[in-house]
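This report refers to the structure that appears directly beneath it.
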Amino acid sequence: AQSVSQHNHHVILSEAASLELGCNYSYGGTVNLFWYVQYPGQHLQLLLKYFSGDPLVKGIKGFEAEFIKSKFSFNLRKPSVQWSDTAEYFCGGGYQKVTFGTGTKLQVIP
Amino acid sequence: EAGVTQFPSHSVIEKGQTVTLRCDPISGHDNLYWYRRVMGKEIKFLLHFVKESKQDESGMPNNRFLAERTGGTYSTLKVQPAELEDSGVYFCASSQGGLRTGELFFGEGSRLTVL
């Protein structure tokens, strides 16, 4: 069965700190990987996605993620966070449907 | 372009009652998904429609849940009778093609509270 796990449930950072959120998946075969974000009071929206090709994927708002097949990981990174990045982040993966992790709440302190 | 809309945004019902949630996908999106999030846990897949057909309903918890998508447009998810453990946020998402060709567009969710 496919599964996605996120290691950090709640992360608190100061503005300008670097961010890395962990995500591991378990699949056989073709895998599509995603990071979604939910800002307070808003709907889930896509940050970035990986289907194939370059394992380093760049998304919106300066986020990037690296697909490391040998580690079954797809960690999300941002070099310098802003207060506006305060949100909940969800890693997901799948082929016909997306299986999500439990989410990571990021709080950025000004 | 209008996004995915869900009704109601919040519903409070008593155990044993019936609730129907509605999702209007983005126009032209053949794929429609229902997800549920119980507080603090993962966003769990419930089912997937392609037009009016159920492509995958492996995530539906039990036969108290009934999803329909008549005519391949909007979808409803009925819970009858509701139990306490059904409380959570029900998300609907739509996509134009499959996952390889696009992304999921989510609605804001319908929060269900069963007392």
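When reading the values below, keep in mind they use all heavy atoms of this one structure, side chains included, and skip hydrogens, waters and symmetry mates. Each chain gets a letter, A, B and so on, in the order its sequence line appears, and its residues count up from 1.
Ring pair A:Phe100/A:Phe90 is perpendicular by interplanar angle, where above 60° counts as perpendicular and below 30° as parallel.
Closest approach of B:Leu46 and B:Pro61 over heavy atoms only: CD2-CD, 4.1 Å. Residues A:His10 and A:Thr104 approach most closely at N-CG2, 4.5 Å, considering heavy atoms.
With a 4.5 Å cut-off on non-hydrogen atoms, A:Gln38 touches chain B through its side chain but not through its backbone. Using a 4.5 Å cut-off between heavy atoms, B:Ser58 touches chain A through its side chain atoms alone. Heavy atoms closer than 4.5 Å to chain B are found in the side chain of A:Glu88, but not in its backbone.
A:Lys105 places no side-chain N or O within 3.5 Å of a backbone atom of A:Asn8 that could act as its donor or acceptor partner.
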